[in-house]
Amino acid sequence: MNPFHYSKPVDVQEAVHLSSGASRFIAGGTNLLDLMKENISRPEHLIDITGLPLNHIQETAEGGVLIGALVSNADLAWHPLIEQRYPLLSQAILAGASPQLRNMASTGGNLLQRTRCYYFYDTNVPCNKREPGSGCPARTGLNRIHAILGASEQCVSTHPSDMCVALAALAARVHVEGRGGARVIEFADFHRLPGDAPQRDNQLADDELITAIELPADNLASHSNYLKIRDRASYAFALVSVAAALELDGDTIIDARLALGGVAHKPWRDRAVEASLIGQVVSRETFSQAADALLQDAEPLVHNGFKIKLARRGIIRALSDAAVAGERP
Amino acid sequence: MSATPNGAADQPFVSHSIRLSLNGQERQLDVLPWTTLLDLLREQLDLVGSKKGCDHGQCGACTVLRDGKRINACLTLAVMCDGAELTTIEGLATGDQLHPMQQAFIKHDAFQCGYCTPGQICSAVGLVNEGRAHDSAQIQELMSGNLCRCGAYNNIRDAVQEVLGGEQ
Ligand SMILES: Cc1cc2nc3c(=O)[nH]c(=O)nc-3n(C[C@H](O)[C@H](O)[C@H](O)COP(=O)(O)OP(=O)(O)OC[C@H]3O[C@@H](n4cnc5c(N)ncnc54)[C@H](O)[C@@H]3O)c2cc1C
Ligand code: SF4
Ligand code: FES
Ligand code: FES
């Protein structure tokens, strides 16, 4: 780890004014310190944001919930409001990392965790995300864990978060504040596809701080399911994950949400596929068609072709389980 | 802690004074910003019970309790623990009286080489504090942040289960 300066502001204004191109905010530190130990991130100045008043979960006037950026992943997953109204989010968070890490990791930091691509982590090899223009060894190298959707010639990495897959399906909004003021970003627009600038994971500017995540009201709580498929049963990143949620009237689908993790540079959600489920009757055939539509543009790399089949079966299974979720004892 | 202005890069690096309650003792310490809690414990305070297995949050050998919650000391900056109450494996016993979790680990033979054990025990105490594990499958899942290369998992689970059962 390189030497750095440290400060601990007490309000958001102070924090964003302290920030510069050479500084980094630190919350739980579970991703940033890891990257600093590997010399991938070398900030000159760490701004400790854990003293900011962003630690609350509250109901919004519109019937949704507002989650402060510093709420820990564990507190969020086990909060009664989240367990009751957004069980999909609880389930996704609890499928990720370990109890220790979830106690440390923050809501804001989870969105900004960086890829687990092995080449990104190895400073002895090129990587366009780490060093723009240096090349992408994953494209033709070991790419078993890499993307099947939305990749570019420059980068085929995936976003590793579980929580974000649920937030995408739940149509969350990201509240941010920078020197120029505050703005709200729709979750679908928050993370980027790699394109020709894979060094940029998302739309956040250097001086911008995530202050909160907002979940709109919905009727999806009784029929949701997060399915995580990985190399070992616990404490491993997803090869493929599926966040599925339905609102049902009898057997008829009134509203549908479907997002994939582990397959792209951002949680993968397609509104047209969700819309095509609405009005249909719950059946394996319906879910199978939705899976085909969502994966229509999937392109395998040398070692990750299995992810397409895995995702297809995962989608059908997650939607089928979501359809009966509320009926289980 | 005073804020550093934007031109921080030109200024000399400084240590910061922090206050801790460490295993029940009030401590005031000067730490450099890049010192991890694990290095502070092991290198500066001679509390070598917490182990450095991976130094990357992947093994749980460094698990300690901060304000009653289990965390990985290797991915925690010491300077960010200002004002915290910390318990390490050295702080669990009361005099010669072992903590019930320590006793249960001995009774169930829940270790072989012992390297992962301080982290396992602190993690298990954190698990009990959380109150979320009720059966053996849940214990297994909620102990998954602690790897044991000797594979003492079944006995570790039994030890935790005994302590949980006793408190129900
Ligand atoms: C061994 C291991 C296993 C893991 N397994 C999983 C898993 O299975 N699934 C999963 O989803 N995750 C997993 N994780 C990742 C973990 O969830 C993230 O590291 C964590 O959520 C990051 O949150 P943090 O608060 O610690 O972020 P930090 O490390 O503090 O920060 C991460 C980044 O976000 C920035 N930042 C933090 N907060 C803000 C804010 N409010 N505004 C602006 N910028 C901010 C920081 O500057 C930094 O760039 C794992 C991590 C480890 C170490
Ligand atoms: S896939 Fe992306 S992160 Fe991985 S080596 Fe290529 S450019 Fe780097
Ligand atoms: S040493 Fe901290 S988790 Fe391995
Ligand atoms: S007892 Fe040897 S690693 Fe667990």
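Within every chain, numbering begins at 1; the chains are lettered A, B, ... in the order of the sequence lines, protein sequences first and strands thereafter. Keep in mind that what you see is a predicted model, and the values were worked out from it rather than measured. Only this structure's heavy atoms are used, side chains among them; waters, hydrogens and symmetry mates stay out.
Contact detail for A:Y6 and B:V79: the closest heavy-atom pair is CE2-CG2, 3.4 Å. Across B:L147 and A:Y235, no two heavy atoms sit closer than the pair CD2-CD2, 4.2 Å.
Among the candidates B:E130, B:R132, B:Q58, B:M80, the residue making the largest number of heavy-atom pairs closer than 4.5 Å to chain A is B:R132. By number of non-hydrogen pairs under 4.5 angstrom with chain B, the leading residue of A:M36, A:E38, A:R102 is A:E38.
No more than 12 heavy-atom neighbours from other residues, nucleotides or ligands sit within 6.0 angstrom of CZ on A:R317. Dense packing is recorded around CZ of A:R130, with more than 12 heavy atoms of other residues, nucleotides or ligands lying under 6.0 Å away.
With a 4.5 Å cut-off on side-chain heavy atoms, B:L75 and A:Q100 do not count as touching. The shortest side-chain heavy-atom distance between B:N72 and A:L101 falls under the 4.5 Å cut-off. Under the 4.5 Å side-chain criterion, counting only non-hydrogen atoms from C-beta, B:K69 is in contact with A:D75.
Proximity to chain A involves both the backbone and the side chain of B:L77, based on heavy atoms less than 4.5 angstrom apart. For chain A, the nearby parts of B:S144 are the backbone and the side chain; heavy atoms of each come within less than 4.5 Å. Residue A:A27 touches chain B through its backbone alone, counting heavy-atom pairs closer than 4.5 Å. For chain B, the nearby part of A:T50 is the side chain; its heavy atoms alone come within less than 4.5 Å.
The residues B:E141 and A:R232 are annotated as not salt-bridged, no charged nitrogen and carboxylate oxygen being separated by less than 4.0 angstrom.
Annotation: the span from B:T76 atom OG1 to A:M104 atom CE amounts to 3.0 Å, rounded to 0.5 Å. Here the straight-line distance linking atom CG of A:L94 with atom CG of B:L142 works out to 8.0 Å at 0.5 Å rounding. To the nearest 0.5 Å, the span separating CD1 on B:I71 from OG on A:S98 amounts to 11.5 Å. Atom-to-atom distance recorded for B:C54:SG and A:K37:NZ is 8.0 Å, nearest 0.5 angstrom.
A:H5 contributes no side-chain N or O that, together with a main-chain N or O of B:F13, makes up a donor-acceptor pair within less than 3.5 Å.
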